[in-house]
Amino acid sequence: MAQADAAERLLNLIIALTNAPRRMTRDEIRNTVAGYSPRPHGASAAEAKSSDDAFERMFERDKKALRELGVPLSTVTDPLDGADIGYKIVAADAAMPALDLTAAEIAVLALAAEYWQGATLGDDARLGLTKLASHTPHQVTEPMPWAALSTSSRDATSAFVDAIHERQCVRFHYTSVTSGSAIRNVQPWRLLVRGGTEYLVGLDIDKNETRTYRVSRVHGQIKVVGEPGAFERPEVVPDSIFSDAVGGDAIIALRPESGYALRARGTALDTAAAREIAVESASIGVTATELANEHAPGQWELFKVHYEHLDLLRDEVLSLRGAAKVIMPEALAASVVDYARKALEVARG
């Protein structure tokens, strides 16, 4: 409680010193800013001194806190009386200096703004990006629709948070790898993040089973169904419900000067291990010579990479556009080939 009072007092002090038409003396601050106690009426000399000392200690702590926060607190002395000291905050002194952001930094900010587009923080995120970009000589990147959005509805996370808080059922269109697209009616319990992916955990009302739903596979608008307080949420959600989060190790073949993120997370395999794995995996299309001879044309380098979600690693391999091949496990290799084939069919169609 004391910490909350101190924060409130600091905020009151900032508002008072920023909006005061002139400097404020210690006595004026003590008597007008909420959070400070004026000297008690009818107090004895000892009581008055104790109260004054307590105010001085509090005010000195507050001044130090404001300056540590970067608030431009100015000390102003009366030109006619050097002992008459006052304080003022000039808002213009708090203006943020121009930022020389690189194109890559602007791109990262754009992705963050796109993620919140249309949601509660959407306008603030876009406004913040615009202000930052306007103070840098680098050109703002083009809009990147869906680059970082968790769902095509753009408000899925916010909508699920509200429904979980109100304990209301939701209805949404969801696409699953195993069961295809369908309308799901769900009691939302938790939003969790596993392996950098957002999941909604809840009860599938139609099947009466606990299920997980990737927020990225939610499509269209999320509809709230029923009254608030319609169900009780379980206190604990076990990790065992994440059926596709079993994790494991994959062997990935990379072209030189490619797949830096995979290289950073993985462990390079030596020549002997590469030759042994290549013999076992000839059907993948990477020969023992290519893997074992570092001077061979079309060289491949092997890395062991740990993964939590098989399909996230599949997407990462596909994003390298032929500069990476999955050697093991076979299920991951087959999934990469299957998705690449389907993408080619769509492109040709």
Side-chain angles (χ1 to χ4, degrees), residues 1 3-4 7 111-112 114-122 124-125 146-250 265 305-316 329 331-332 335 339:
M1 185 65 181
Q3 185 175 3
L111 286 172
E114 289 291 343
Y115 184 89
W116 288 107
Q117 180 182 346
T120 305
L121 298 181
D124 292 336
W146 322 120
L149 298 181
S150 60
T151 171
S152 58
S153 70
R154 301 182 299 180
D155 290 317
T157 301
S158 178
F160 286 144
V161 168
D162 291 341
I164 291 169
H165 177 72
E166 297 294 335
R167 288 184 289 132
Q168 286 183 281
C169 299
V170 290
R171 178 178 298 157
F172 51 86
H173 194 94
Y174 185 78
T175 300
S176 169
V177 175
T178 56
S179 56
S181 299
I183 299 296
R184 309 299 170 95
N185 295 287
V186 178
Q187 290 181 3
W189 293 345
R190 297 283 190 278
L191 271 176
L192 301 176
V193 177
R194 291 291 186 276
T197 301
E198 287 180 294
Y199 289 90
L200 172 69
V201 181
L203 178 70
D204 187 312
I205 298 174
D206 298 325
K207 298 181 180 179
N208 194 31
E209 295 177 352
T210 301
R211 292 295 179 90
T212 59
Y213 304 90
R214 288 199 185 191
V215 178
S216 59
R217 293 175 179 170
V218 175
H219 307 289
Q221 187 173 4
I222 298 168
K223 183 178 180 180
V224 178
V225 181
E227 298 296 324
F231 57 88
E232 295 295 329
R233 299 190 302 269
E235 293 296 328
V236 178
V237 177
D239 284 340
S240 59
I241 62 175
F242 291 92
S243 58
D244 63 342
V246 294
D249 291 321
R265 300 202 313 272
V305 180
H306 182 75
Y307 64 90
E308 295 294 339
H309 299 274
L310 188 142
D311 56 349
L312 290 182
L313 183 56
R314 176 202 65 211
D315 293 345
E316 191 171 5
L332 176 59
S335 180
Y339 270 70

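The first residue of the sequence shown is numbered 1, and numbering continues consecutively from there.
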With the side chain counted from C-beta on, respond yes when [X] and [Y] share a heavy-atom pair under 4.5 Å apart, and no when they do not.
X: L313; Y: R265; answer: yes
X: Y307; Y: P329; answer: yes
X: Y213; Y: V186; answer: yes

> Do the ring centers of F160 and F172 come within less than 6.0 Å of each other?
Replying inline: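 Ring centres of F172 and F160 closer than 6.0 Å.
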> Has the side chain of Q168 got a donor or acceptor atom that lies under 3.5 Å from a matching backbone atom of G226?
Replying inline: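 Between the backbone of G226 and the side chain of Q168 there is a qualifying donor-acceptor contact (under 3.5 Å).
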Interatomic distance, [X] atom [atom1] to [Y] atom [atom2] [nearest 0.5 angstrom]:
X: I205; Y: Q187; atom1: CD1; atom2: CD; value: 5.0 Å
X: R217; Y: T175; atom1: CZ; atom2: OG1; value: 8.5 Å
X: T210; Y: W189; atom1: OG1; atom2: CH2; value: 3.5 Å
X: Q221; Y: H173; atom1: CD; atom2: NE2; value: 14.0 Å
X: K207; Y: N185; atom1: NZ; atom2: CG; value: 11.5 Å

Using every non-hydrogen atom in the two residues, find where [X] and [Y] come nearest and quote the distance to one decimal.
X: I183; Y: R171; value: CG2-CG, 3.5 Å
X: R211; Y: D204; value: CG-CB, 3.9 Å
X: V215; Y: L191; value: CG2-CD2, 4.0 Å
X: G248; Y: H306; value: O-ND1, 2.9 Å
X: I222; Y: A156; value: CD1-CA, 3.4 Å

>> Under the criterion side chain to side chain contact (heavy atoms under 4.5 Å, CB included), I'd like the reasoning laid out for L200 against R184: C-alpha separation, chi angles, the key distance, then a yes or no.
In response: CA-CA 12 Å; L200 172 69; R184 309 299 170 95; over 6 Å; no
> What pairs with E227 under salt bridge (Lys or Arg N to Asp or Glu O under 4.0 Å), at least two apart in sequence or on another chain?
Replying inline: none
>> Before you tell me yes or no, could you show the steps for R233 and I164 under side chain to side chain contact (heavy atoms under 4.5 Å, CB included), namely the whole-Å CA-CA distance, both residues' side-chain angles and the distance that decides it to 0.1 Å?
In response: CA-CA 9 Å; R233 299 190 302 269; I164 291 169; 3.8 Å; yes
> Please walk me through it: do T212 and L192 pass side chain to side chain contact (heavy atoms under 4.5 Å, CB included)?
Replying inline: CA-CA 10 Å; T212 59; L192 301 176; over 6 Å; no
>> The test is side chain to side chain contact (heavy atoms under 4.5 Å, CB included); show your working for R190 and Y199 and say whether it passes.
In response: CA-CA 8 Å; R190 297 283 190 278; Y199 289 90; over 6 Å; no
>> When you compare the side chains of D315 and Y339, does any donor N or O come within less than 3.5 Å of an acceptor on the partner?
In response: no
